2 protein chains.
Amino acid sequence: MDDDRLSEVFAALADPIRRDMVARLADGDAGVSELAAPYDVSLQAVSKHLKVLEEAGLVTRRREAQRRPVHLEAEVFDLMTKWIERYRQRAEERFQRLDAVLERMQQAQRPTRKEDAS
Amino acid sequence: MDDDRLSEVFAALADPIRRDMVARLADGDAGVSELAAPYDVSLQAVSKHLKVLEEAGLVTRRREAQRRPVHLEAEVFDLMTKWIERYRQRAEERFQRLDAVLERMQQAQRPTRKEDAS
DNA sequence: GGAATGGTCAACCACTTGGTTGAGAAAACT
DNA sequence: AGTTTTCTCAACCAAGTGGTTGACCATTCC
């Protein structure tokens, strides 16, 4: 499947700085030094982070005079959401089946008890 | 915020083996060697992977005779989903506002377009 | 053309990661 | 008490990650 891509995306978002950059890019495109400003690291480090995000498909970069504005690509988020939702739902279904079983067990037990202490 | 936790969770899911284990655990709890079976790595390696998942809060382990069944904790998924949805939505809203602006620009331009030729 | 602005490339370094093997702990089964 | 089953801990290793500094490229401004 798109297993590699998914690995790259998760890995990219595992870093707090990269996650924060994504968060800020959700409000609009930004240049590299603009993005770098809040963090206490070199511009080169930020450039590397952006490369990681780009290779994961989370952002794209264009040229605009000397600047290289960074743009967030929201579609990749869907890949994650799909993966997550798939397994969350399965886990929850299972949980609810278990819940139902427990409830049935309780109901089966209730008659044998005189007074339920709830 | 729960920034560290989020970093751990994303990092945990950045590995294909760990992601596959989570996928399988969505269908029900499993022991370590049972989980290890499909992969071409040592049992110890799998044990390490499970430690990573556990520290990220994605799974819990209990004792059951010699076995240590692993259980998927679905709640942590919500943390990710929330983060993702937050920024995806913001990015999409922005996209739609931009779309609206472009449309307005086009409409504003149409009447003046009599002798354009520039 | 030369300087200023904005960013990347390359080499290096400390630390982490995912894997290995070997030893050993914990519970159940004779 | 000894063996088997199931799993973890410890030490080690190669490769990867996030950071640094220094050199350099591309574009605009004077």
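Since this is a predicted model, take the numbers as computed values, not measurements. Per chain, numbering begins at 1; letters A, B, ... match sequence-line order.
Between A/Phe77 and B/Trp83, the ring planes are parallel. Angles under 30° get that label, and only those over 60° would be called perpendicular.
A sub-4.0 Å separation between OP1 or OP2 of C/dG19 and a side-chain N or O of B/His49 is present. Phosphate proximity of C/dA27 to B/Arg68: absent, as no side-chain N or O sits under 4.0 Å from OP1 or OP2.
Rounded to an integer number of Å, the gap from B/Arg67 CZ to C/dC29 P is 14 Å. One atom, CG of A/Leu35, and another, P of C/dT8, lie 10 Å apart when rounded to the nearest Å. Remark: P of C/dC12 and CD of A/Gln44 are 16 Å apart, rounded to the nearest angstrom. Rounded to whole angstrom, the span from the CZ atom of B/Arg61 across to the P atom of C/dA25 amounts to 18 Å. If you measure from atom NZ of A/Lys51 to atom C1' of C/dT8, you get 9 Å, rounded to the nearest angstrom. The OH-P distance, from B/Tyr39 to C/dG18, rounds to 14 Å in whole Å. B/Glu64 has its CD atom 19 Å from the P atom of C/dA26, to the nearest Å. Rounded to whole Å, atom P of C/dT5 lies 14 Å from atom CG of A/Leu43.
Here A/Ser42 lies in heavy-atom contact (under 4.0 Å) with a base.
Between B/His49 and B/Leu35 the shortest side-chain heavy-atom distance does not fall below 4.5 Å.
For B/Val41, counting side-chain heavy atoms from C-beta on, the closest listed nucleotide (C/dA27, C/dG7, C/dG19) is C/dG19. The side chain of B/Lys48 lies closest to C/dG19 when the candidates are C/dG19, C/dA23, C/dG6.
Counting only distance, with no hydrogens or angles, the side chain of A/Arg18 and the backbone of A/Ala12 share a donor-acceptor pair below 3.5 Å. A donor-acceptor pair is defined here as one N or O able to donate and one able to accept, closer than 3.5 Å; such a pair exists between the side chain of B/Ser7 and the backbone of A/Ala14. For the pair B/Arg61 (side chain) and B/Val70 (backbone), a donor-acceptor distance under 3.5 Å is absent.
Connection of A/Ile84 to B/Val76 is established within a shared hydrophobic cluster, with ILVMFWY side chains joined at heavy-atom distances below 4.5 Å, either directly or through further cluster members.
Remark on DNA chain D: of its neighbouring residues A/Gln66 and A/Arg18, the 5'-side contact belongs to A/Arg18, judged by nearest-heavy-atom nucleotide.
A salt bridge between B/Lys51 and B/Glu54 is absent, with no side-chain N of the basic residue lying under 4.0 Å from a carboxylate O of the acidic one.
On the nucleic acid side, DNA chain D has its first and last nucleotide under 4.0 Å of a heavy atom of chain A at D/dG18 to D/dT28, going 5' to 3'.
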